[in-house]
Amino acid sequence: TLMLVISAFDASLHFCGNCHFFIFIRANSLGVLLGSEFEEREKKRRMLIERAKSGIAEAYSSEEYPLMQAISTYLEIDKIMNLVYERLNEWYSLYFPELKLSNPESYARFVVSFGMDKKKVEKGKLAELLGSKAAEEVARLAEQSMGREPNSDEYVAIKEVASNYLRLSDVQKAIDAYLAAATKRVMPNVSYIIDYHIAAELLGKAGSLEKLATMPSSTIQLLGAEKAFFKHLKYGSKSPKYGIIFKLADISNGKRELRGKIARVYANKISIAAKADAFSKRFIADELKAGLESAIKRIQASEGKGKEHKF
């Protein structure tokens, strides 16, 4: 006879029997304990998942995230439209090589409305599209054009390309309207001192308004020039002086030797404006813009004098 002592539930139980009976009792006792432990762990797991979900929902509740998606979509549509227009222009040049319009949308509308037979174009409708002076010139070029007319199958295909360009244009306009309104709500200070497209691009590159606000102005100045910057670090090439903010007219249209200084001024003011948008929520853009314009004037006035100014 084998005497066994089992303390499964903090109690001493004595059994007389063989080892098989002991194993059966022990297995059932552990099963009860493990089942209870599993339920407790599962309960905690579900609770942690719910906390994570609510945390994610709260983190992404701000409108800055839809704004970042909107500016990415806007820029991608812009690239697609450029490619579609380039192909449309090259294709329709087979039929009307003399047609040169500065507005891509007007070009696409011409193809849709008059592309089947350019020589039979109605001047009144053409004037509505291009204006009377341009319409007369285009009508004259159409009469003298060396290009042939497309057949029906060709016209159906090229008309679809032009129509798709116009549809993309409508989508882009709708997104642009949202960008204009949303940037004023999300980052009123930043979008006041710079173009709202550039403000949204900076936000998208930074990842969030808080990240943009905590970046040093030197980092903001180079946002969008990451490839050039890492090329500089790796190969010792010339360091970039600006990234996305190069699109600002004061920088892109400024004199080459002054662009870096103007970019630093802009980056500094954007950094201050982003902090106000993210943390204090105060509108200080009026004084920031006044200081920005004053600093740019001083930079332009100091050209050729070899003087350094603090901004």
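Just so it is clear, the structure is predicted and the values come from calculations on it, not from any experiment.
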Are the side chains of [Y] and [X] in contact, using a 4.5 Å heavy-atom criterion?
{"X": "Val112", "Y": "Leu166", "answer": "yes"}
{"X": "Phe96", "Y": "Val138", "answer": "yes"}
{"X": "Arg264", "Y": "Ser217", "answer": "no"}
{"X": "Ile71", "Y": "Thr183", "answer": "no"}
{"X": "Glu201", "Y": "Lys247", "answer": "yes"}

Reported [atom1]-to-[atom2] distance for the pair [X] and [Y], which is rounded to 0.5 angstrom:
{"X": "Arg256", "Y": "Leu258", "atom1": "CZ", "atom2": "CG", "answer": "11.5 Å"}
{"X": "Arg185", "Y": "Glu64", "atom1": "CZ", "atom2": "CD", "answer": "13.0 Å"}
{"X": "Ile251", "Y": "Ile244", "atom1": "CD1", "atom2": "CD1", "answer": "11.5 Å"}
{"X": "Ser271", "Y": "Gln221", "atom1": "OG", "atom2": "CD", "answer": "11.5 Å"}
{"X": "Lys269", "Y": "Ile194", "atom1": "NZ", "atom2": "CD1", "answer": "14.0 Å"}
{"X": "Glu154", "Y": "Trp91", "atom1": "CD", "atom2": "CH2", "answer": "8.0 Å"}

Parallel, tilted or perpendicular: ring planes of Phe110 versus Tyr92, cut at 30 and 60 degrees: perpendicular
Assigning hydrophobic clusters by single linkage (Ile, Leu, Val, Met, Phe, Trp, Tyr; side-chain heavy-atom cutoff under 4.5 Å), is [X] placed with [Y]?
{"X": "Tyr242", "Y": "Phe229", "answer": "no"}
{"X": "Phe279", "Y": "Leu202", "answer": "no"}
{"X": "Val186", "Y": "Phe283", "answer": "yes"}
{"X": "Leu222", "Y": "Ile272", "answer": "no"}
{"X": "Leu88", "Y": "Leu94", "answer": "yes"}

Glu42 and Arg46: CA distance, side-chain angles, deciding distance, salt bridge (charged side-chain N to carboxylate O under 4.0 Å, His left out) verdict: CA-CA 6 Å; Glu42 183 65 17; Arg46 287 195 298 267; 3.6 Å; yes
Smallest separation among heavy atoms of [X] and [Y], with atom names:
{"X": "Tyr266", "Y": "Leu292", "answer": "CE2-CD2, 3.3 Å"}
{"X": "Leu141", "Y": "Glu98", "answer": "CD1-O, 3.8 Å"}
{"X": "Ala285", "Y": "Tyr192", "answer": "CB-CD2, 3.3 Å"}
{"X": "Glu287", "Y": "Ile284", "answer": "CG-O, 3.1 Å"}
{"X": "Val265", "Y": "Ala295", "answer": "CG1-CB, 3.7 Å"}
{"X": "Leu126", "Y": "Ala139", "answer": "CD2-N, 4.1 Å"}

No-hydrogen, no-angle side-chain donor-acceptor test under 3.5 Å, Ser163 and Arg167: no
Option passing side chain to side chain contact (heavy atoms under 4.5 Å, CB included) with Tyr165 (candidates Glu160, Arg109, Met81): Met81
From Asn189, Ile193, Leu223, residue fulfilling side chain to side chain contact (heavy atoms under 4.5 Å, CB included) relative to Ile270: Ile193
Return yes when atom [atom1] of [X] has more than 12 non-hydrogen atoms of other residues, nucleotides or ligands closer than 6.0 Å, and no otherwise.
{"X": "Arg87", "atom1": "CZ", "answer": "no"}
{"X": "Arg51", "atom1": "CZ", "answer": "no"}
{"X": "Met47", "atom1": "CE", "answer": "yes"}
{"X": "Lys234", "atom1": "NZ", "answer": "no"}
{"X": "Lys289", "atom1": "NZ", "answer": "yes"}

Under 3.5 Å donor-acceptor, [X] side chain and [Y] backbone:
{"X": "Glu226", "Y": "Gly224", "value": "yes"}
{"X": "Asp277", "Y": "Val190", "value": "yes"}
{"X": "Ser93", "Y": "Asn89", "value": "yes"}
{"X": "Ser72", "Y": "Met68", "value": "yes"}
{"X": "Lys275", "Y": "Ala213", "value": "yes"}
{"X": "Lys118", "Y": "Ser145", "value": "no"}
{"X": "Arg259", "Y": "Ser252", "value": "yes"}

Pair Lys119-Glu149, side-chain contact (heavy atoms from CB on, under 4.5 Å): steps then yes or no: CA-CA 9 Å; Lys119 294 183 180 180; Glu149 302 301 335; 4.0 Å; yes
Step-by-step salt bridge (charged side-chain N to carboxylate O under 4.0 Å, His left out) determination, Arg140 to Glu137: CA-CA 5 Å; Arg140 184 185 65 80; Glu137 178 64 17; 2.5 Å; yes
